[in-house]
Amino acid sequence: MGRLTKYIRPYYLYIAFTMFVKLCGAVAELFVPFFMERILREGVVPGQQVRIFIYGGAMLLCAGACVFMNIMANRMSAVSSGKITRKIRYDLFEKLNSLSARQMDELTIPSAESRLTSDTYRVNEFLARGQRLGVRAPILLIGGVVMMLTMDARLALVLAALLPIIGLTVWIVTKKSIPLYTKEQGVLDGMVRVVQENVTGVRVIKALSKADYEKARFDKVNTELTRVDMKAGAITALNNPIVSLVLNLGLTAVVVVGAYQVAAKNTETSVIVAFLQYFVMILNAMLGVTRIFIMASRSQASALRVAEVLELPADLEVMPEGENVQPEQAEPPHIEFRNVSFSYTGIGENISDLSFTLRRGATLGILGSTGSGKSTLVNLLLRIYDADKGSILIGGRDVRTIEKDELRSKFGAVFQNDFVLEGTIADNIRFFRPLDDAAVESAARDAQALDFIREKGGFGAAVDARGSNLSGGQKQRLLIARALAADPEILILDDASSALDYKTDAMLRRALNKNHGDTTTVLIAQRISSVRNADLILVFDDGKVIGAGTHDELMQSCDEYRLIADTQMGTGEEAVGE
């Protein structure tokens, strides 16, 4: 929790006042048995009945003050813990959004989700309950012992002798439980991943009749989570029984010793009754202290996981222009790759020594088998990852010297696994950008989406979560409209027309050529018809370019391209592409 101190610091005074109110409530509670003892000792004496009303009124006053201050402090603790957790959660969300793709790969999305949800919840729980129990329980514990000492020191020492045993028990349980709660959160990350994969791929799972397999996979991780949780729970569950046993043994000892003391007229019966009240108070306070340690062990594991993300160093920093000066050119290419190499894992290159140039308004077509490096090129161009070697330039400027917002504003992109928002069709095209209705309609027209939008009821028609009420082709056209709406410098279409029929695909390409002639297009596709008119076509295989040129050039020089073209043209696709 100490690594999140900066979030608590602005609320120090507020928390201090909360604890002061809680302190006053606990002190008031301590005097209730004291006044009860006075009533039993002095109020039952003939002629002194008025003392019953005096001490009884004092008891009611203390009880009322205790209730009022506890309620007030509890509400205040909820306010401060809520505000602190809100800030932690916001900064964590912001940090997760700022992480580079490489950092997110290492963290994993399920782990990020559980840190943002369950871990922050546990931190909030400790902050709220810690303020309530953190003052009340110790004050009642220590104050109860002090009050007992003032009444009868010998009886109080019976209880005081038991406290070291209880303290040792709490320390051992806490030390053993922290590693288990840390492990539990790691297993929870795995369960979140399994659930996420199952929900995302539910249609494939049902189509392949793999529901039983997925149930078994979930049962395995769920069983592991249950096992770890039970082990941690079994250790922490030792606290209450051991503490209760020790304290009840002490209570028995107090009663026995007290009986002898009363028989010997060394103490009063009223003192024994008050001792029993204080003993119950101390018992509950000790159980409260143990709960604090249990919560602290759980929240410490969660706080460390949250802080681990918040303290990740910034990646993909913007380089000063002077550190990577490129030779000046009269008219630099719009996009240029210079001897670029990259590896996701550091073992084997996913892109190897890639070089090409593309003028403004030109179209780059990319073909290749799955895993050949096509999408990696796009990731490097967008600076989602940094190249290990070489340089990537846009308009003659190294992408590493361009501010992130400026760089990303140059692009409109549709990716293979893109997402659709729950909202209206217009919301999905605008995507929180200040675009007028004319721009939205124009983008939808160029994306060949107007027909289905009218069928759905217009731009105000609702779109379900994940676009579940849209077909694959409709979603792709909606996403293409989103990419075109802001009239980007560079348009990236990563297999974005795979669900379109040949006619719609051809109409889309004609609209792009006619209305977005100044936009440089990077087109990843599986169809020759989609890229055959590109100014430059790159054919990838295992991270290397095995063919580069126009369609006609590649038909002559690249066997792989020619094989693909012959296969697809045999289906009549060439005619549609024309």
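From a predicted model like this one, the values you see are computed outputs, not experimental measurements.
V414 places none of its side-chain heavy atoms less than 4.5 Å from the side chain of D495. Counting only heavy atoms from C-beta outward, the side chains of P332 and E336 never approach each other to under 4.5 Å. A heavy-atom distance below 4.5 Å is found between the side chains of T5 and R9. Counting only heavy atoms from C-beta outward, the side chains of T376 and F540 never approach each other to under 4.5 Å. Side-chain contact between L358 and T363 is absent, with no heavy atoms from C-beta onward closer than 4.5 Å. At a threshold of 4.5 Å between non-hydrogen side-chain atoms, the residues V420 and D464 do not count as touching. I429 places a side-chain heavy atom less than 4.5 Å from the side chain of I425. Between I335 and L364 there is no side-chain heavy-atom pair separated by less than 4.5 Å.
A donor-acceptor pair under 3.5 Å links the side-chain atoms of N428 to the main chain of L421, judged by distance alone. When atom types are taken as modelled, the side chain of T120 and the backbone of L116 share a donor-acceptor pair closer than 3.5 angstrom. Between the D505 side chain and the D501 main chain, no donor and acceptor come within less than 3.5 Å of each other. Between the side chain of T85 and the backbone N or O of G82 there is no donor-acceptor pair closer than 3.5 Å. The backbone N or O of S529 sits less than 3.5 Å from a side-chain atom of R509, completing a donor-acceptor pair. For Q103 (side chain) and P313 (main-chain N/O), a donor-acceptor pair under 3.5 Å exists by modelled atom type. At distances below 3.5 Å, not a single donor-acceptor pair connects side-chain atoms of D119 with backbone N or O atoms of V306. Formation of a donor-acceptor pair under 3.5 Å by the N469 side chain with backbone atoms of A462 is found in this model. Under the 3.5 Å distance criterion, the side-chain polar atoms of T520 are matched with a main-chain donor or acceptor of G361. Of the possible polar contacts, none joining the D494 side chain to the V378 backbone as a donor-acceptor pair under 3.5 Å is found.
Pairing each heavy atom of I537 with each of T550, the nearest pair is CD1-C, 4.2 Å. Across all non-hydrogen atoms, the minimal contact from I351 to V340 is CG2-O, 3.4 Å. Considering every non-hydrogen atom in both G390 and R400, the closest pair reads O-NH2, 3.6 Å. The two residues A112 and L96 come nearest to each other via the heavy atoms CB-CD2, 3.8 Å. Of all the heavy atoms in A387 and I392, the pair that sits closest is CB-CD1, 4.5 Å. When every heavy atom of L99 is checked against every heavy atom of M104, the shortest pair comes out as CD1-CE, 4.2 Å.
Applying the side-chain hydrogen bond (donor to acceptor under 3.5 Å, both in side chains) rule to K83 yields no partners; only residues at least two apart in sequence or on another chain are considered.
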Evaluate D91 against K95 for salt bridge (charged side-chain N to carboxylate O under 4.0 Å, His left out), listing each step before the verdict. CA-CA 6 Å; D91 286 356; K95 185 67 176 183; over 6 Å; no
May I have the step-by-step check of salt bridge (charged side-chain N to carboxylate O under 4.0 Å, His left out) for R397 and E406, ending in yes or no? CA-CA 12 Å; R397 298 172 62 191; E406 180 187 355; 2.8 Å; yes
Let me see the working for E224 and K220 under salt bridge (charged side-chain N to carboxylate O under 4.0 Å, His left out), right down to the final yes or no. CA-CA 6 Å; E224 174 65 10; K220 180 180 179 180; over 6 Å; no
Go through the steps for R359 and D535 under the test salt bridge (charged side-chain N to carboxylate O under 4.0 Å, His left out), then give the verdict. CA-CA 9 Å; R359 61 176 174 79; D535 300 278; 3.2 Å; yes
Check against side-chain contact (heavy atoms from CB on, under 4.5 Å), S355 and F337: CA-CA 5 Å; S355 297; F337 275 58; 5.5 Å; no
Applying side chain to side chain donor-acceptor pair (under 3.5 Å) to N533 and H551, what does each step give before you reach the verdict? CA-CA 7 Å; N533 295 318; H551 171 75; over 6 Å; no
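By the 6.0 Å contact criterion, CG on D518 is open, its count of non-hydrogen atoms from other residues, nucleotides or ligands being 12 or less. Counting non-hydrogen atoms of other residues, nucleotides and ligands closer than 6.0 Å to CZ of F431 gives a total above 12. Within a 6.0 Å sphere centred on NZ of K389, other residues, nucleotides and ligands contribute 12 heavy atoms or fewer.
Taking 4.0 Å as the cut-off between side-chain N and carboxylate O, E214 and R217 count as a salt-bridged pair. A salt bridge links R445 and E441; the closest N-O separation between the charged side-chain nitrogens and carboxylate oxygens is under 4.0 Å. Under the 4.0 Å criterion applied to side-chain N and carboxylate O atoms, R430 and D437 are assigned as salt-bridge partners. Using a 4.0 Å cut-off between a side-chain N of Lys or Arg and a carboxylate O of Asp or Glu, E308 and R305 do not qualify as a salt bridge. A salt bridge is absent between E560 and R562: the closest approach of a Lys/Arg side-chain nitrogen to an acidic carboxylate oxygen does not fall below 4.0 angstrom. E349 has no carboxylate O lying under 4.0 Å from a charged side-chain N of K544, or vice versa, which leaves the two without a salt bridge. Salt-bridge formation is not detected for the pair D219/K215: no Lys NZ or Arg NE/NH1/NH2 atom is positioned less than 4.0 Å from an Asp or Glu carboxylate oxygen.
Taken to the nearest 0.5 Å, the CZ atom of R89 stands 12.5 Å off from the OH atom of Y7. In this structure, L382 CG and K410 NZ are separated by 12.5 Å, a value rounded to the nearest 0.5 Å.
Listed by first and then second residue, the salt bridge (Lys or Arg N to Asp or Glu O under 4.0 Å) pairs involving residues 370-385 are R383-D386 (not counting sequence neighbours). Counting only residues at least two apart or on different chains, the ring-ring contact (aromatic ring centres under 6.0 Å, His included) pairs with a member in residues 372-392 are F342-Y385, Y344-Y385.
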